[in-house]
Amino acid sequence: MPTELPYAAEAETSLGYEELQVLRTQYYKEIEQGHVTTQSKFNYGWGLVKSNTAELQTEGVKLLQEIYSASPAHRRECTYYIAVGYYKLKNYAYAKKFNDLLLSVEPENMQAQSLRTLIDQAVQRDGYIGMGLIAGAAAVTGLIVAGLVKRSRR
């Protein structure tokens, strides 16, 4: 489902398997050598967030949060992709939290502004789906109760 918000398009696109494999290979090569650079860890975390599976996206968010916690100099670049990761995982509360954190220091950041729109739209869409499910469940319950009442009167 491509977005009409060009600055947030990457929030709804995935990285190809081959591209992710290049980042994975570099990251694990550095692990084997005993020292992982922040840049390799970031690149791999970014690639995982842009993958199309929740398991990999979760791993990517974890790596980016490790960088965020350990390296204040890299917080700005991690904050947006952590927000994207949470958005892709449909954890909109955390996506909003990290995106708002970025917007608080960079209110003109077009990527973050576009991501905020996507998050708001997703929350609204999920709210409508939730209301529809509740209404459907209430209707089914009403039909069951009506059937039981009708049957008990016989």
Exercise. Any side-chain heavy-atom pair from Leu15 and Leu23 closer than 4.5 angstrom?
Worked result: yes
Exercise. Looking at Val49 and Leu64, what are the two nearest heavy atoms and their distance?
Worked result: CG2-CD1, 3.7 Å
Problem set entry | Any Leu115 side-chain heavy atom under 4.5 Å of Gln111 side chain | no
Seminar exercise, completed: Residue pairs meeting salt bridge (Lys or Arg N to Asp or Glu O under 4.0 Å), one or both in residues 109-122, sequence neighbours left out, come to none
For this session: Verify whether one side chain among Thr37 and Ser40 offers a donor that lies under 3.5 Å from an acceptor in the other.
Result: yes
For this session: List for me each residue that meets side-chain contact (heavy atoms from CB on, under 4.5 Å) alongside Gln21, sequence neighbours excluded, and say none if there are none.
Result: Tyr17, Arg24, Thr25
Exercise. Ala112 and Leu103: which non-hydrogen atoms are nearest, and at how many Å?
Worked result: CB-CD2, 3.5 Å
Problem set entry | Side-chain (Gln113) to main-chain (Pro107) donor-acceptor, under 3.5 angstrom | yes
Exercise. Given the rule that I, L, V, M, F, W and Y join up when any side-chain heavy atoms are under 4.5 Å apart, are Ile31 and Trp46 in one cluster?
Worked result: yes
Problem set entry | Distance (rounded to the nearest 0.5 Å) between Lys88 NZ and Leu48 CG | 10.5 Å
For this session: Mind checking the OH-CD1 spacing from Tyr87 to Ile119? Nearest 0.5 Å is all I need.
Result: 8.0 Å
For this session: Could I get the full list of side chain to side chain donor-acceptor pair (under 3.5 Å) partners for Arg76, not counting sequence neighbours?
Result: Glu106
Exercise. At their closest point, which heavy atom of Phe42 faces which heavy atom of Cys78, and how far apart are they?
Worked result: CD1-SG, 4.0 Å
Exercise. With Ser71, which residues qualify under side-chain contact (heavy atoms from CB on, under 4.5 Å), at least two apart?
Worked result: Ile67, Ala73, His74
For this session: Identify, with sequence neighbours excluded, every residue that meets salt bridge (Lys or Arg N to Asp or Glu O under 4.0 Å) alongside Lys62.
Result: Glu66
Problem set entry | Check: Glu19 side chain, Gly16 main-chain N or O, donor-acceptor pair, under 3.5 Å | yes
Exercise. Can any side-chain N or O of Asn52 pair as donor or acceptor with the backbone N or O of Ser14 at less than 3.5 Å?
Worked result: no
Exercise. Is any side-chain heavy atom of Gln26 less than 4.5 Å from a side-chain heavy atom of Tyr44?
Worked result: no
Exercise. For the atom pair CD (Glu77) and CD1 (Ile82), what is the distance rounded to the nearest 0.5 Å?
Worked result: 10.5 Å
Seminar exercise, completed: For residues 89-98, the side chain to side chain donor-acceptor pair (under 3.5 Å) pairs (sequence neighbours left out) are Lys96-Asp100
For this session: In sequence, state the C-alpha distance, the side-chain angles, and the governing distance for Tyr27 and Leu63, and then conclude on side chain to side chain contact (heavy atoms under 4.5 Å, CB included).
Result: CA-CA 11 Å; Tyr27 178 72; Leu63 290 176; 3.5 Å; yes
Problem set entry | Check against side chain to side chain contact (heavy atoms under 4.5 Å, CB included), Leu20 and Leu56 | CA-CA 10 Å; Leu20 184 57; Leu56 295 177; 4.1 Å; yes
Exercise. At what distance, to the nearest 0.5 angstrom, does OH of Tyr68 lie from CZ of Phe98?
Worked result: 6.0 Å
For this session: Please name the pair of heavy atoms, one in Glu59 and one in Tyr28, separated by the smallest distance, quoted to 0.1 Å.
Result: OE2-OH, 4.1 Å
Exercise. Which residues satisfy the side-chain contact (heavy atoms from CB on, under 4.5 Å) test with Gln33, sequence neighbours excluded?
Worked result: Lys29, Glu30
Exercise. Do side-chain atoms of Gln57 reach the backbone of Ser51 as a donor and acceptor pair under 3.5 angstrom?
Worked result: yes
